[in-house]
Amino acid sequence: MKINYKNFEIELLDDLNDDLDSIIKLEDNTIYFGSEKEDPEYQSRHYIAIKELGVIISNVIIYETNSASGIYEDTFIIEDNKLWILSGNEIYCLEIPSLKLIWKKEFDRITNFSLHKLENDFIIYGELEIFRITKHGEIIWRFGGRDIWVSVDGKNPFNIETDKIRLFDFDSNEYVLDFDGKVIEDNPRVIIAKTKRKWWQIFG
């Protein structure tokens, strides 16, 4: 994926099949690891390069060792000469154009699905929890439901609406939050029990 920002072209790639090995061998890369241990056994790998006038001026590789993630339009935000990018259950904040690490923090214990702007802050849609954070990575609020934020019945498990956030968990329980993280609605899934037929209705 390529993004134009000011005078720069920012290229973001993800790799699960060692397709970036040629880039890693050819370029002088800075490497960041998703854990303190520099372990080559990774679950995802992201390559970021910044070009000016077609020439690479900085590039980094992020190894995630705890959980897998990819590069999509809702997994990074670019503004204020910074790049915030999800990598597994962590978020990296990098300076543009140097790509120097400003901060990195772990949020959801399993993985972060997407990153969204909300007023002057960010919302993280994680597998276990929803977070509202500042641009400095400080948690304003967090919210967890009865089950994980994954839907199996076609409902959108996470949606930011005009003035609220609507959520469905794995068991189809619905939650509606305001932007301060307060629960406006909590609608548990209703399971209608089947009425058992009397024996004479079965054989009648």
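Residues take their numbers from the sequence shown, with the count starting at 1. All values below come from the heavy atoms of this structure, side chains included, with hydrogens, waters and symmetry mates left out.
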Considering all heavy atoms, the nearest [X]-[Y] contact:
| X | Y | result |
| --- | --- | --- |
| I133 | F107 | CG2-CE2, 3.6 Å |
| D178 | D180 | OD1-N, 2.9 Å |
| E129 | G144 | CG-CA, 4.3 Å |
| Y125 | P157 | OH-CG, 3.2 Å |
| T75 | F113 | CG2-O, 3.7 Å |

- Item | Y175 and its ring pair (Phe, Tyr, Trp, His ring centres under 6.0 Å) partner, picked from W149, F168, F158 |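 Single ring pair (Phe, Tyr, Trp, His ring centres under 6.0 Å) partner of Y175 among W149, F168, F158: W149.
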In the structure I gave you, are the side-chain heavy atoms of [X] and [Y] within less than 4.5 Å of one another anywhere?
| X | Y | result |
| --- | --- | --- |
| I102 | K82 | yes |
| I61 | Y63 | yes |
| L177 | K164 | no |
| K155 | S172 | yes |
| F143 | L167 | yes |
| I50 | N59 | no |

Nearest 0.5 Å, please: how far is [atom2] in [Y] from [atom1] in [X]?
| X | Y | atom1 | atom2 | result |
| --- | --- | --- | --- | --- |
| E90 | E106 | CD | CD | 6.0 Å |
| I91 | F76 | CD1 | CZ | 13.5 Å |
| I165 | H116 | CD1 | NE2 | 9.5 Å |
| I78 | K6 | CD1 | NZ | 11.5 Å |
| F179 | E161 | CZ | CD | 8.5 Å |
| S87 | R45 | OG | CZ | 12.0 Å |

Check whether any side-chain N or O of [X] sits under 3.5 Å from a backbone N or O of [Y] as a donor-acceptor pair, and report yes or no.
| X | Y | value |
| --- | --- | --- |
| D108 | L128 | yes |
| D171 | N173 | no |
| T134 | D121 | no |
| S67 | I110 | yes |
| N112 | L86 | no |
| Y32 | L101 | yes |
| Y5 | N81 | yes |

Should [X] and [Y] be regarded as members of a common hydrophobic cluster, given that ILVMFWY residues are connected when their side-chain heavy atoms come within less than 4.5 Å of each other, either directly or indirectly?
| X | Y | answer |
| --- | --- | --- |
| I77 | I124 | yes |
| I96 | W103 | no |
| I85 | Y72 | no |
| I48 | I57 | yes |
| Y92 | M1 | yes |

- For D186 and R146, what are the C-alpha separation, side-chain angles and deciding distance, and is it a salt bridge (charged side-chain N to carboxylate O under 4.0 Å, His left out)? CA-CA 11 Å; D186 185 345; R146 298 176 182 84; 2.9 Å; yes
- Message: side chain to side chain contact (heavy atoms under 4.5 Å, CB included) for L12 and K2? Distances and angles first, verdict last.
- Response: CA-CA 6 Å; L12 304 101; K2 295 181 180 179; over 6 Å; no
- Task: Carefully, step by step, assess R132 and E138 under the rule salt bridge (charged side-chain N to carboxylate O under 4.0 Å, His left out).
- Result: CA-CA 9 Å; R132 180 169 180 169; E138 300 160 339; over 6 Å; no
- Message: Whether E79 and K135 form a salt bridge (side-chain N of Lys/Arg under 4.0 Å from carboxylate O of Asp/Glu) is what I want to check.
- Response: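 Yes, K135 and E79 are salt-bridged.
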- So, are R166 and E174 salt-bridged, with charged N and O less than 4.0 Å apart?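 Result for this pair is yes, salt bridge flagged.
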Under 6.0 Å from the [atom1] atom of [X], do we count more than 12 heavy atoms belonging to anything else shown?
| X | atom1 | value |
| --- | --- | --- |
| N156 | CG | yes |
| E119 | CD | yes |
| D80 | CG | yes |

- Any donor-acceptor N or O pair under 3.5 Å, side chains S98, E95: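 Judged by distance alone, the side chains do pair up.
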- Task: Measure from the ring center of F122 to the ring center of W84 and say whether it is less than 6.0 Å.
- Result: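 Yes; W84 has its ring centre under 6.0 Å from that of F122.
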- Message: Run the side chain to side chain contact (heavy atoms under 4.5 Å, CB included) test on K105 and C93 for me, step by step, so that the C-alpha distance in whole Å, both residues' side-chain angles and the decisive distance to 0.1 Å come before the verdict.
- Response: CA-CA 9 Å; K105 290 185 179 181; C93 177; over 6 Å; no
